[in-house]
Amino acid sequence: MRYIIKILVYTFIICLFTCKENNNNVLAVNEDKNRLSNDIENKVNNLLNKMTLEEKIGQMNQYNGFWDLTGPKPKEGAAAKKYEHLRKGYVGSMLNVRGVKEVMSVQKIAVEETRLGIPLIIGFDVIHGYETLSPIPLAESASWDLEAIKKSAAMAAEEAAAAGINWTFAPMVDVSRDARWGRVMEGAGEDTYLGSKIAVARVQGFQGEDLSSYKSLAACAKHFAAYGFAESGRDYNTADVGTSTLNNVILPPFKAAKEAGVRTFMNSFNELNGIPATGDKYLQRDVLKGQWNFNGFIVSDWGSITEMIAHGHAKDGKHAAELAVKAGSDMDMESYLYVEELAKLVKEGKVEEALITDAARRILRVKFELGLFDDPYKYLNEQREKEIIGHQKFHEASLDIATKSIVLLKNENNLLPLKKEGQNIAVIGALANDKTSPLGSWRIAAKDSTAVSVLEGLKNYQGNTIYYAKGADVSIGKQEFATEIEVNNNDKSGFEEAINVAKNKDAVIMVLGEHGYQSGEGRSRTQLGLPGVQQELLEAVYKVNKNIILVLNNGRPLAINWADKHIPSIIEAWQLGSQSGNAIAKILYGDYNPSAKLPMSFPRSVGQVPIYYNYKNTGRPTLPAPDVVFWSHYQDEANTPLYPFGHGLSYTNFKYETISVQNSYSTSGNVEVLIKLTNTGTLKGKEVVQLYIQDTYASVTRPVKELKGFQLVELEPGESKNITFTLTDKELGFYNNQGIYIVEPGDFKVFAGGSSNTVLESKFEIVK
Ligand code: NOJ
């Protein structure tokens with residue numbers, strides 16, 4: 001007892017000093033930050049005092065650069081005006097200018113030829129890498145590994161910054177439940193909790209500790225808001241969501257990004273409740289800049305100010321500019337309406353100059369924070385560009401996150417991992433030999449044919465003999481931005497060769513799925529099966545050899561019912577970026593034990609979409625009595641997904657042994673949940689332990705399950721661990737329909753498992 005008291009006294013004394021020291025450090029850092037931001041505010045104000053109305057509006061104008069088009073073609077004549085406007089100081093930002101030489105050519109004009117020499121902020125879609133690509137964001141999200149995701153974003157930032165870029169239009173934090181929507185590849189999937197954590201990791205990765213470092217980029221949380229809820233999964237379509245879904249499902253990842261310090265937001269193309277998001281004052285001024293106190297700036301999406309005319313919200317361009325600026329859109333991407341109309345609107349008294357000053361202030365603030373005023377050319381070092389772009393360290397990080405992103409969907413009879421010696425292996429599918437598709441969508445700075453293909457990756461393992469046949473194409477043309485990229489390819493002339501190659505082999509690896517351009521912006525699909533004749537190819541090969549390992553390459557969940565029923569092993573390898581084939585080979589041969597989990601439910605059929613784990617119960621959720629039709633179901637398909645959210649296997653086995661929890665606690669206390677997990681298999685492995693809750697009755701109904709915690713746990717064979725989760729008000733409450741966050745007393749269930757199909761359950765009560 002005396003010892004314990006002594007230890008406590010010592011600890012107290014040590015803490016008295018170290019805690020004070022730590023506290024002093026924290027205070028010093030905060031003071032520094034405050035001083036810096038006061039300093040920046042003073043500089044911004046001084047500059048604003050010198051600026052004409054037109055120059056302030058200039059800051060709000062963004063032009064596309066030279067060659068990359070990431071939206072419809074710019075209006076005739078825009079390119080000519082670009083230089084005239086640049087020289088007058090009427091351009092605050094450019095996008096799609098990349099490479100030190102090119103950026104220098106426009107930055108020099110802004111800095112050396114304009115009256116005030118205000119540097120441009122150069123934006124670019126650094127979505128999953130610059131020239132070295134990491135997995136598409138949906139794939140990375142499957143790793144549930146926040147450190148690896150943060151590192152991947154930091155690598156992307158460093159490489160892009162070396163090419164003269166200051167600002168990325170990422171992360172996309174749109175929650176989406178609809179696999180038809182091509183842009184699911186760019187997000188973190190269907191879940192708000194996971195999506196919020198990933199949003200924070202990506203913002204921290206891109207922006208780093210110090211925004212003014214030449215290795216970091218300003219990040220942009222997009223698309224504000226509800227873009228991922230496009231009706232029927234058709235890109236740019238109307239979103240129609242209620243208050244509860246908006247507040248509880250869609251907005252939290254944006255709020256998390258804001259709290260992580262994201263410096264910019266992008267609004268969205270869709271309308272929400274009858275108002276195009278670009279012209280939505282409630283979202284931008286009331287929520288984001290008001291309630292959330294966001295002091296960075298909002299950029300419109302490409303031409304989205306003009307598009308308010310087509311939406312039927314604005315009468316003409318001038319009206320659109322007025323609506324957008326009043327709603328809080330600070331920067332105009334590619335509509336040219338601010339530069340053309342805003343000065344007139346101010347002079348006519350239709351728009352207050354204070355709104356313009358506020359927008360310019362926000363943009364200048366971020367430019368100061370990036371250090372662009374200290375040295376506008378700091379990102380522009382040709383030597384660094386040469387040394388950094390494509391650096392080995394980016395490839396190492398890309399391989400690391402790629403292996404962590406591959407999901408083992410099914411593995412019957414332990415067909416995987418493959419033996420490393422003496423095997424005859426057939427490899428089939430156009431995607432197995434494709435060095436471009438693995439780069440996925442959003443890879444403007446990456447060169448075609450630079451990914452490691454599956455065939456190349458397999459060559460790292462020399463002990464087996466590989467036989468390859470293409471079998472069939474993936475049914476897509478080659479053009480990146482063409483409308484009709486899916487060609488109805490019925491060509492089965494390669495089937496015979498594939499069948500012959502598959503015969504009498506120890507195993508057949510079939511690499512099937514989507515072409516790299518089959519998902520992404522503007523690439524919505526109505527079918528979720530394997531495109532073209534790939535399904536027929538799979539079935540034909542199966543007839544001669546049942547030992548098939550299906551490797552899926554795709555940018556969205558696919559409906560692969562037949563494969564699930566027949567094929568013994570299936571891995572979801574998405575589009576994994578530059579190191580794709582190496583990562584896949586490592587998984588196939590067991591040099592990395594799969595640890596990834598699906599961030600989106602995989603449907604059984606497209607008719608189930610939107611399908612997601614955290615749905616609400618109906619009044620008739622289950623069969624009330626045998627043979628009675630009156631319950632919420634389909635006649636031709638189960639309600640459940642093929643693979644649920646959070647699903648993913650390992651080469652070892654994990655047993656969720658016990659769950660324990662306090663029975664009751666009062667509001668604003670914490671509840672601890674203890675889970676015991678054992679590795680019952682024979683290999684070391686990592687498991688994503690997932691914790692879900694259900695608020696069983698509430699003033700506004702709550703989902704049947706909600707993810708509220710997860711931890712990556714590594715266990716040796718036979719090892720057990722106790723894992724603790726702490727649930728606080730942050731996890732237990734929700735937004736009511738007045739937008740107020742509340743925690744209601746009542747009964748809760750708590751679940752744990754290795755997917756949203758949880759295996760352990762307990763309960764507790766919140767009392768007043
Ligand atoms: C349109 C896309 O919706 C947006 O996400 C992207 O950042 C811009 N184009 C710029 O390329």
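- Considering all non-hydrogen atoms of both residues, Trp181 and Ser176 come closest at CE3-OG, 3.5 Å.
- Residues Ala162 and Ile388 share a closest heavy-atom pair of CB-CG2, 3.5 Å.
- Both tests do not hold together for Lys222 against Trp167: distance to the six-membered ring centre under 6.0 Å, angle to the ring axis within 45°.
- Using a 4.0 Å cut-off between charged side-chain N and carboxylate O, Glu387 and Arg384 make no salt bridge.
- Between Met331 and Ile298, the closest side-chain pair of non-hydrogen atoms is not below 4.5 Å.
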Between Thr278 and Glu307, does the side-chain hydrogen bond (donor to acceptor under 3.5 Å, both in side chains) criterion hold? Intermediate values first, please. CA-CA 9 Å; Thr278 306; Glu307 289 181 9; over 6 Å; no

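- For the atom pair Phe734 CZ and Tyr741 OH, the distance stands at 9.0 Å (nearest 0.5 Å).
- Checked by atom type and distance alone, the side chain of Glu271 pairs as donor or acceptor with a backbone atom of Gly274 at under 3.5 Å.
- Ring orientation note: the planes of Phe269 and His223 are close to parallel, at an angle under 30° on the 30°/60° scale.
- Ala446 and Leu439 make their closest contact through CB-CD1, 4.5 Å (heavy atoms, listed as atom of the first residue, atom of the second, distance).
- Tyr338 and Glu340 share no side-chain donor-acceptor pair at under 3.5 Å.
- Between the side chain of Ser300 and the backbone N or O of Met333, at least one donor-acceptor pair lies under 3.5 Å.
- Side chain to side chain, Gln291 and Asp286 fail the donor-acceptor criterion of an N or O pair below 3.5 Å.
- When side chains are defined from C-beta on, Arg202 counts as touching Pro137, because their heavy atoms get closer than 4.5 Å.
- Taking every heavy atom of both residues into account, Arg523 and Ser441 meet most closely at NH1-OG, 3.3 Å.
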Could you give me the CA-CA distance, side-chain angles and deciding distance for Lys255 and Leu251, then say whether side-chain contact (heavy atoms from CB on, under 4.5 Å) is met? CA-CA 6 Å; Lys255 190 151 190 255; Leu251 293 185; 5.9 Å; no

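- Checked for salt-bridge contact, Arg98 and Glu102 miss the test: no charged N lies under 4.0 Å from a carboxylate O.
- Gly129 and Ala156 make their closest contact through CA-CB, 3.7 Å (heavy atoms, listed as atom of the first residue, atom of the second, distance).
- Using a distance-only test at 3.5 Å, with no hydrogens or angles considered, a donor-acceptor pair links the side chain of Asn248 to the main chain of Tyr735.
- Defined by atom type and a distance below 3.5 Å, a donor-acceptor pair is missing between the side-chain atoms of Asn737 and Thr243.
- With respect to the salt-bridge test (charged N to carboxylate O, under 4.0 angstrom), the residues Glu322 and Lys350 do not qualify.
- Contact check on Glu190 versus Arg177 returns no salt bridge, with no Lys/Arg side-chain nitrogen under 4.0 Å from an Asp/Glu carboxylate oxygen.
- Annotation: Phe294 is in aromatic contact with Phe265 [ring centroid separation under 6.0 Å].
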For Arg361 and Asn45, run side-chain hydrogen bond (donor to acceptor under 3.5 Å, both in side chains): C-alpha distance rounded to whole Å, both residues' side-chain angles, the deciding distance at 0.1 Å, then the answer. CA-CA 8 Å; Arg361 171 177 285 116; Asn45 285 333; 2.9 Å; yes

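- Between the Ser93 side chain and the Ile121 main chain, a donor and an acceptor come within less than 3.5 Å of each other.
- A 4.5 Å side-chain heavy-atom check between Ile275 and His311 finds every atom pair outside the cut-off.
- Asn166 places a side-chain N or O within 3.5 Å of a backbone atom of Ile122 that can act as its donor or acceptor partner.
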Any chance you could lay out the side-chain hydrogen bond (donor to acceptor under 3.5 Å, both in side chains) test for Tyr227 and Asp301, step after step, and finish with the verdict? CA-CA 11 Å; Tyr227 182 48; Asp301 204 342; 5.4 Å; no

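- Contact check on Glu369 versus Arg263 returns a salt bridge, with a Lys/Arg side-chain nitrogen under 4.0 Å from an Asp/Glu carboxylate oxygen.
- Between Asp374 and Lys378 no salt bridge is recorded (no basic side-chain N to carboxylate O distance below 4.0 Å).
- Between Val241 and Asn273, the shortest heavy-atom distance links the atoms O-OD1, 3.6 Å.
- Taking 4.0 Å as the cut-off between side-chain N and carboxylate O, Arg443 and Glu131 do not count as a salt-bridged pair.
- Panel note: side chain His128, backbone Ser134; a donor-acceptor pair is recorded below 3.5 Å.
- Put simply, the residue from Val249, Asn270, Leu272, Asp174 that forms a side-chain contact (heavy atoms from CB on, under 4.5 Å) with Phe229 is Val249.
- In this structure, Asn736 CG and Ile742 CD1 are separated by 4.5 Å, a value rounded to the nearest 0.5 Å.
- Counting only distance, with no hydrogens or angles, the side chain of Glu521 and the backbone of Gly182 share no donor-acceptor pair below 3.5 Å.
- Of the possible polar contacts, none joining the Lys281 side chain to the Lys326 backbone as a donor-acceptor pair under 3.5 Å is found.
- Interatomic distance, CD of Gln59 versus NZ of Lys367, reported as 3.5 Å (0.5 Å rounding).
- The pair Glu341-Lys344 counts as a salt bridge, with a side-chain nitrogen and a carboxylate oxygen less than 4.0 angstrom apart.
- Between Arg365 and Glu41, at least one side-chain N (NZ, or NE/NH1/NH2) sits under 4.0 Å from a carboxylate O, which counts as a salt bridge.
- Here the NE2-CG distance, from His85 to Asn61, works out to 7.0 Å after rounding to the nearest 0.5 Å.
- Checked by atom type and distance alone, the side chain of Ser524 pairs as donor or acceptor with a backbone atom of Gly233 at under 3.5 Å.
- One finds no salt bridge joining Lys88 and Glu55 here, because no Lys/Arg side-chain nitrogen approaches an Asp/Glu carboxylate oxygen to under 4.0 Å.
- Taking a cutoff of 4.0 Å between a charged side-chain nitrogen and a carboxylate oxygen, Asp330 and Lys289 qualify as a salt bridge.
- The backbone N or O of Arg87 sits nowhere less than 3.5 Å from a side-chain atom of Thr114 that would complete a donor-acceptor pair.
- The distance from atom OG1 of Thr132 to atom NE2 of His391, rounded to the nearest 0.5 Å, is 10.0 Å.
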Does the side-chain contact (heavy atoms from CB on, under 4.5 Å) test come out yes or no for Val262 and Cys220, once each step is laid out? CA-CA 6 Å; Val262 74; Cys220 178; 5.6 Å; no

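- Taking the side chain as every heavy atom from C-beta outward, Leu47 and Leu364 approach each other to under 4.5 Å.
- Between Phe394 and Tyr130, the gap from one ring centroid to the other reaches at least 6.0 Å.
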Show your reasoning for whether salt bridge (charged side-chain N to carboxylate O under 4.0 Å, His left out) applies to Lys101 and Glu385. CA-CA 10 Å; Lys101 235 167 132 192; Glu385 181 180 40; over 6 Å; no

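- In this structure, NZ on Lys150 lies 13.0 Å from NZ on Lys197, to the nearest 0.5 angstrom.
- Between Lys393 and Glu159 no salt bridge is recorded (no basic side-chain N to carboxylate O distance below 4.0 Å).
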What's the verdict on salt bridge (charged side-chain N to carboxylate O under 4.0 Å, His left out) for Arg183 and Glu186, showing C-alpha distance, side-chain angles and the deciding distance? CA-CA 5 Å; Arg183 286 193 93 165; Glu186 199 181 336; 2.7 Å; yes

